[in-house]
Amino acid sequence: MPILPHLYRLYLSRGYLPLVGLSPTAFGAFPLATYTWLLQDGKSFTQGLGISMQELYFFECLFEVLKPARVFAIGNSFGWSTLALSLLNPQAKVVAIDAGYDVNSVEGIDLTNAIAQENGLNCKVVQKVSPADVPAVIGQEFDG
């Protein structure tokens, strides 16, 4: 089931305008145009970008067949991809890590966790670094 409208509203309700599915050819062959940008007051608010429309569609198709119990993501930024994975896998526990080094990424961790909690998603982001913290986070969050 398409999740884009739901995901879009999660951010729009908090004052962020998601720009997703832009064509690189319309933006001077800018290759990052296809990824998801979150704008606030007309300015890009995220340094890390979310998955593209093509990737979102790929995951929608993949998770129609594959039903994981656990999903682990490295990198969160403002949570677009993390929340998408959670919406696509309501049966799964989704855990993402983010080092918090990018501009506004610590705020993104807090935002993602707040959206997940408010919407009853089994999703969580922890501020940790890959690859050093991966084994400990997986062991703690997924019971081994």
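What you see below is based on every heavy atom in this structure, not just the backbone, and it leaves out hydrogens, waters and symmetry mates.
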Which atom names give the shortest non-hydrogen contact between [X] and [Y], and what distance separates them?
{"X": "C123", "Y": "A116", "value": "O-CB, 3.6 Å"}
{"X": "G48", "Y": "S77", "value": "O-OG, 3.1 Å"}
{"X": "P24", "Y": "A33", "value": "CA-CB, 3.9 Å"}
{"X": "A84", "Y": "L7", "value": "CB-CD2, 3.8 Å"}

Rounded to the nearest 0.5 Å, what separates atom [atom1] in [X] from atom [atom2] in [Y]?
{"X": "F59", "Y": "I3", "atom1": "CZ", "atom2": "CD1", "value": "10.5 Å"}
{"X": "N122", "Y": "R70", "atom1": "CG", "atom2": "CZ", "value": "12.0 Å"}
{"X": "L49", "Y": "Q47", "atom1": "CG", "atom2": "CD", "value": "9.0 Å"}
{"X": "I51", "Y": "T82", "atom1": "CD1", "atom2": "OG1", "value": "9.0 Å"}
{"X": "H6", "Y": "N119", "atom1": "NE2", "atom2": "CG", "value": "5.0 Å"}

Any [X] side-chain heavy atom under 4.5 Å of [Y] side chain:
{"X": "N89", "Y": "K67", "result": "no"}
{"X": "T46", "Y": "N104", "result": "no"}
{"X": "T34", "Y": "L22", "result": "no"}
{"X": "S52", "Y": "V20", "result": "no"}
{"X": "V129", "Y": "I97", "result": "no"}
{"X": "Y11", "Y": "I115", "result": "yes"}
{"X": "E60", "Y": "E55", "result": "no"}
{"X": "Q91", "Y": "P68", "result": "yes"}

* Asked: With the threshold set at 4.0 Å, does a side-chain nitrogen-carboxylate oxygen contact exist between E141 and K128?
  -> no
* Can you list the residues that meet the side-chain hydrogen bond (donor to acceptor under 3.5 Å, both in side chains) rule with T36, with sequence neighbours excluded? -> W80
* Asked: Considering residues, nucleotides and ligands other than Q40, do more than 12 of their heavy atoms fall under 6.0 Å from its CD?
  -> yes
* Asked: Would the number of heavy atoms belonging to other residues, nucleotides or ligands and lying under 6.0 Å from OH of Y101 be above 12?
  -> no
* To do: Test F45 against L39 for side chain to side chain contact (heavy atoms under 4.5 Å, CB included), laying out the working first.
  => CA-CA 5 Å; F45 202 74; L39 302 183; over 6 Å; no
* Decide yes or no on side chain to side chain contact (heavy atoms under 4.5 Å, CB included) for V94 and K124, but give the supporting numbers first. => CA-CA 6 Å; V94 176; K124 178 180 181 180; over 6 Å; no
Look at the side-chain heavy atoms of Ile, Leu, Val, Met, Phe, Trp and Tyr, link any pair under 4.5 Å apart, and say whether [X] and [Y] land in one connected group.
{"X": "I74", "Y": "I109", "result": "no"}
{"X": "M53", "Y": "L62", "result": "yes"}
{"X": "L111", "Y": "L87", "result": "yes"}
{"X": "L4", "Y": "L12", "result": "no"}
{"X": "L56", "Y": "F63", "result": "yes"}

* **Under the ring pair (Phe, Tyr, Trp, His ring centres under 6.0 Å) test, residues paired with Y35 that sit two or more places apart** => none
* Evaluate ring-ring contact (aromatic ring centres under 6.0 Å, His included) for F78 paired with Y16, printing each intermediate quantity in order. => CA-CA 10 Å; F78 251 62; Y16 298 96; 5.4 Å; yes
* **T112, D98, N113 screened by side-chain hydrogen bond (donor to acceptor under 3.5 Å, both in side chains) with N76, the one that passes** => T112
* Please lay out, stage by stage, how L38 and S44 fare under the test side chain to side chain contact (heavy atoms under 4.5 Å, CB included). => CA-CA 6 Å; L38 296 174; S44 178; over 6 Å; no
* Check whether any side-chain N or O of S86 sits under 3.5 Å from a backbone N or O of L83 as a donor-acceptor pair, and report yes or no. => no
* Ignoring hydrogens and geometry, is there a side-chain-to-backbone donor-acceptor pair from W37 to G50 under 3.5 Å? -> no
* To do: Given side chain to side chain contact (heavy atoms under 4.5 Å, CB included), test V71 with K93 step by step and report yes or no.
  => CA-CA 6 Å; V71 177; K93 179 175 185 178; over 6 Å; no
